[in-house]
Amino acid sequence: MKELYTAAGIFVVLILLGVWMVQNNRNEQEKKLVQLRKKWGKKQGKRTEREKKEKLEACLRRKAGENFCVDAITWNDLDLDAVFDTVDHTVSVCGEEYLYTALRMPVTTTEIREERERLMKLFAENQKAREAVQKALLLMGKEKMNPPTEEIAVLIEAEPGEKGKYLLMAGIAVLGIGLLFVLPPLGVSVLFASMVGNGLMHGRESKKLESALKAFGCILRLQRTARELGKEKISGLEMYQKRLEEQEKQLRPITRKCRTLVNTKESQGGAANMIFAYFHTFFLLDLIEYSSVVSRVKSYEKAILQMAEDLGLLDFALSAASYRESLSYYCRPEFLDEKKAGCRIDVEELYHPLLTHPVANSLYAEGGILLTGSNASGKSTFMKNMAVNAILAQALNTSLSKRYRGVVCRIMTSMALRDNLAQGESYFVVEVKIGRASCRERVKSLKRILEASREKTPLLCVIDEVLRGTNTTERIAASESVLAALRRANVLCLAATHDTELTYLLEDLYTNYHFEEQITAQSISFPYRLEQGPARGKNAIALLGNMGIDEKIVKQAERRAAEFETTGSWEKNKFLR
C-alpha cells in the first residue's frame, strides 16, 4: 500500500510540475507581449550589428536577379544603414530580412504596395490580430539568428555525403552485434572494427553536419511559427494562414529528421544523453539523417522560402505600422503614371527620418533642380531627404511629409567621398591615399548614373559636386556637360554646386534653388529653408569681416563678387596691380 501512495504522490508531483511549466511558459509569453505593447509606435534605439547587415546584403544578392537594387554607393551616401535601424520595428529575423530587401529593392508594383498597405492598416486598427501574429513571430527569433535565405542556401550548397557508405558501415555494426550471439570471437572483432571505423568516419564527416545545424533549426522555427499562427483564425489573414498551413504540412517529412538531428546535438550532459549520442555516433544515424535531408531539401526549397517570405511580409507590415505611429506626421504617397507624368516628385513639408529636430521643406521637382548655397546650409541633407523619402514611399508606402506625389523610380546618388569603413580608413586617409585617383573614382560614380539614365525606367539621381578636386575651368566645363546630359524626360536630377557659374550656364535646363545663411556682426546661422533662385550670399566674405580682417580687403572682395554676378566673368583687378 505504501508503494501505491508513493507512486500516486510522484504522479501528482509530475502533473503539478507539468501544469507549472505550461503556466510559466504562458507567463513568459505574456511578458513579451506586454513589452511589445510598450514598444509599439515608439522610436527604436537599437543598432543592427555589421555582421548581420553583411548577411542581409548577401541574401539580397541571391534574390535580386535582374531587378533594380539600391547599390552600395547610394546606400552609403544616404546612410541607409541608420535609416534601416530607425524603421526596423520587426520582431523576427524573417521580418528583418524582408524589410532590408524592401529598402534595397524599392521599385515595386501597385499590387505589392496595395497588399502591404492593407496589412499595415489591419495591424494598426486590430490590436488582437496584431498581438496574435507577434506572439507567433516571437518563436522565430531575431537576435543572433541568421536570415532564412542564407540558412537555406547553406543546405542547398551543402554536400550530402555518401549515404550508401553510411548505411553500409551501420549495417556492419549491426552485423557485429548479431555475430556476438553466433560467433562471439568474430562478433567482437567486427564490433571493434566498426567502433574504430565509424568513430573516425563520424569525426571526419560531422563537420558538414555542424555547419547545417543552424539551418535545420531555422526550418524547425519556421514550422513552429506557422503552426502557432494557425491556431486561431484571424480575419484578413485567411490566405496567409491557409498557405502557411499547407507549407507546414508539406515540410513534415524533413522536419522530423531535422528535429532528430537538432535534439541529438543539443543534448548535453547526463548519462542517458551521452548514451543516446554515442548510439547515434556508433550507427552513424545523424549522418544518415543529414544526408537524407540535404539530398531532399532542394525539392522543398520553394516551400521553405515561401514560408519565410509570408512570415516576413506579416512582420514587415507590423513593423511599418508601428513605425508610422512613431512619426510626427506622415502621408501615403500618390504614385503617378510615368507615361503621363514623366519623372517628377511633388512634396509638401518633407522632413528627414534621422534628424531629431528636422526643418521641413516643400518642392515641386521636375526635370532638373540645381541647388546652391554655402557649406552647412542644408543642400546635401535636403537632397538626401528627397532620395530617402523616395525609397520609403516606394518600400513602406510611407512618406515623411504632408503630401507626396511622384512616379515609382530608381534612386542613385553620387555624393561627397565618405570614410572607407570597410577598411577602417578615415576621409582624410582616403584623400591622401587615393590622391589623383579620387577624381577617377568620382567619374566612375557618375558614369554608372549616366548609363542608368539611358534606360526607360524613371530615375531619381542626386549629385553633390559633380567633380570636386579639379581646377575651376575643367570642373565647370565637365559639370555643365554631365548635368546637361542628365536632363532627360525619364530623369529627375537633383544637383548641388558651389560654382555659381553653373546657375547661368544651366538656367534653361535646371530650376535654381538655394539655401542661405543669416549673417550678423557676431555670427552666421542657417535656417535650412529652401528658397527659389540661385544663392547670392557671400558668407565666406562675411567671415572675413567677422574674424577682424582689414575692412578694405573685405570691401574689395564684396565689390569683386558683385562685378562677377553682374558680368558673369572675371576681369583683372586694377587694385592689385
Side-chain angles (χ1 to χ4, degrees), residues 40-44 68 70 78 80 83-84 86-90 95 98-127 129-130 133 235-237 239-240 312-355 358 360-366 382 384-411 457-458 460 492:
W40 180 264
K42 302 294 191 300
K43 293 185 182 297
Q44 303 296 299
F68 169 76
V70 174
L78 300 178
L80 287 171
V83 173
F84 171 75
T86 300
V87 303
D88 182 15
H89 291 221
T90 60
Y98 191 102
L99 173 62
Y100 185 87
T101 302
L103 292 174
R104 292 297 294 260
M105 298 174 62
V107 178
T108 53
T109 63
T110 302
E111 291 74 17
I112 291 175
R113 291 193 301 275
E114 287 179 349
E115 178 59 13
R116 289 176 180 175
E117 180 61 38
R118 184 186 73 82
L119 292 172
M120 287 181 228
K121 185 178 180 181
L122 169 66
F123 292 135
E125 297 175 352
N126 189 333
Q127 182 178 351
R130 177 171 79 226
V133 176
S235 178
L237 298 183
M239 177 186 72
Y240 293 99
L313 172 57
L314 296 177
D315 199 3
F316 164 88
L318 282 164
S319 173
S322 177
Y323 176 62
R324 283 177 168 181
E325 290 286 328
S326 72
L327 299 173
S328 301
Y329 60 86
Y330 72 91
C331 75
R332 289 174 53 189
E334 177 187 348
F335 290 103
L336 308 174
D337 184 346
E338 63 182 76
K339 294 179 180 178
K340 297 179 181 178
C343 191
R344 59 186 168 107
I345 296 177
D346 180 14
V347 293
E348 180 182 345
E349 297 297 306
L350 186 81
Y351 66 99
H352 199 292
L354 298 182
L355 298 181
N361 279 291
S362 304
L363 176 68
Y364 175 83
E366 184 175 12
F382 175 74
K384 289 179 181 180
N385 190 12
M386 290 287 289
V388 168
N389 264 279
I391 291 173
L392 294 179
Q394 295 173 196
L396 275 66
N397 210 41
T398 303
S399 171
L400 281 64
S401 65
K402 293 184 177 178
R403 182 185 71 245
Y404 183 104
R405 300 179 73 242
V407 297
V408 175
C409 58
R410 298 164 294 156
I411 299 95
T457 309
L460 167 62
L492 171 56

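Sequential numbering from 1 along the given sequence is applied to the chain's residues.
Here CZ of Arg113 is found 4.5 Å from OG1 of Thr108. Values are rounded to the nearest 0.5 Å. To the nearest 0.5 Å, the span separating OG1 on Thr457 from CZ on Phe68 amounts to 9.5 Å. Atom CD1 in Ile411 sits 10.5 Å away from atom CG in Leu492 (nearest 0.5 Å). To the nearest 0.5 angstrom, Asn385 atom CG is 9.0 Å from Ser401 atom OG. The CG atom of Leu119 sits 9.5 Å away from the CD atom of Glu117 when rounded to the nearest 0.5 Å. Of the inter-residue distances, the one linking Leu99 atom CG with Arg104 atom CZ reads 12.5 Å to the nearest 0.5 angstrom.
Between the Ser319 side chain and the Val87 main chain, a donor and an acceptor come within less than 3.5 Å of each other. At least one donor-acceptor pair closer than 3.5 Å links the side chain of Asn389 to the backbone N or O of Leu400. The backbone N or O of Pro106 sits less than 3.5 Å from a side-chain atom of Gln394, completing a donor-acceptor pair.
Across Ala317 and Met120, no two heavy atoms sit closer than the pair O-CG, 3.7 Å. Between Leu460 and Cys409, the shortest heavy-atom contact is CB-SG, 3.8 Å. Shown here for Cys343 and Pro458, the closest heavy-atom pair between the two residues is SG-CB, 3.9 Å. Of all heavy-atom pairs between Ala129 and Phe123, the closest is O-CE2, 4.2 Å. Here the shortest heavy-atom pairing between Thr86 and Pro353 reads CG2-O, 4.1 Å. Between Trp40 and Ala124, the shortest heavy-atom contact is CZ2-CA, 4.4 Å.
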From CA spacing to verdict: side chain to side chain contact (heavy atoms under 4.5 Å, CB included), Ser399, Leu350: CA-CA 8 Å; Ser399 171; Leu350 186 81; 4.0 Å; yes
From CA spacing to verdict: side chain to side chain contact (heavy atoms under 4.5 Å, CB included), Tyr98, Asp315: CA-CA 8 Å; Tyr98 191 102; Asp315 199 3; over 6 Å; no
Side chain to side chain contact (heavy atoms under 4.5 Å, CB included) between Gln127 and Arg130, intermediate numbers included: CA-CA 5 Å; Gln127 182 178 351; Arg130 177 171 79 226; 3.4 Å; yes
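Considering only heavy atoms from C-beta on, Leu392 comes within 4.5 Å of Leu103 through its side chain. A 4.5 Å side-chain heavy-atom check between Ile345 and Val407 finds every atom pair outside the cut-off. Under the 4.5 Å side-chain criterion, counting only non-hydrogen atoms from C-beta, Val408 is not in contact with Glu338. Two residues are said to be in side-chain contact when any heavy atoms from C-beta on lie closer than 4.5 Å; Tyr240 and Leu313 meet this criterion. In this structure, Arg410 and Val107 have side chains that are in contact, with non-hydrogen atoms separated by less than 4.5 Å. No side-chain heavy atom of Glu114 sits less than 4.5 Å from a side-chain heavy atom of Ile112. The closest side-chain heavy-atom distance from Tyr404 to Glu334 is not below 4.5 Å. Looking at Leu237 and Val133, their side chains come closer than 4.5 Å, going by heavy atoms from C-beta outward.
Counting non-hydrogen atoms of other residues, nucleotides and ligands closer than 6.0 Å to CZ of Arg332 gives a total of 12 or fewer.
Judged as a salt bridge (Lys or Arg N to Asp or Glu O under 4.0 Å), the pairs with a partner in residues 386-404 (not counting sequence neighbours) are, in order, Asp346-Arg403, Glu348-Arg403.
A cation-pi arrangement, defined by a distance under 6.0 Å to the six-membered ring centre and an angle within 45 degrees of its axis, is present between Arg116 and Phe316. Phe335 does not carry Arg405 over the face of its six-membered ring by the limits of under 6.0 Å from the centre and within 45° of the normal.
Residues satisfying the side-chain contact (heavy atoms from CB on, under 4.5 Å) criterion with Tyr330, sequence neighbours excluded, are Arg324, Leu327, Thr398. Taking the side-chain contact (heavy atoms from CB on, under 4.5 Å) definition, one finds that Thr101 meets it with Leu60, Lys63, Glu97, Met105, sequence neighbours left out.
Ring-plane geometry between Tyr323 and His89 is classed as perpendicular, the angle between the planes exceeding 60 degrees on a 0 to 90 degree scale with a lower cut at 30.
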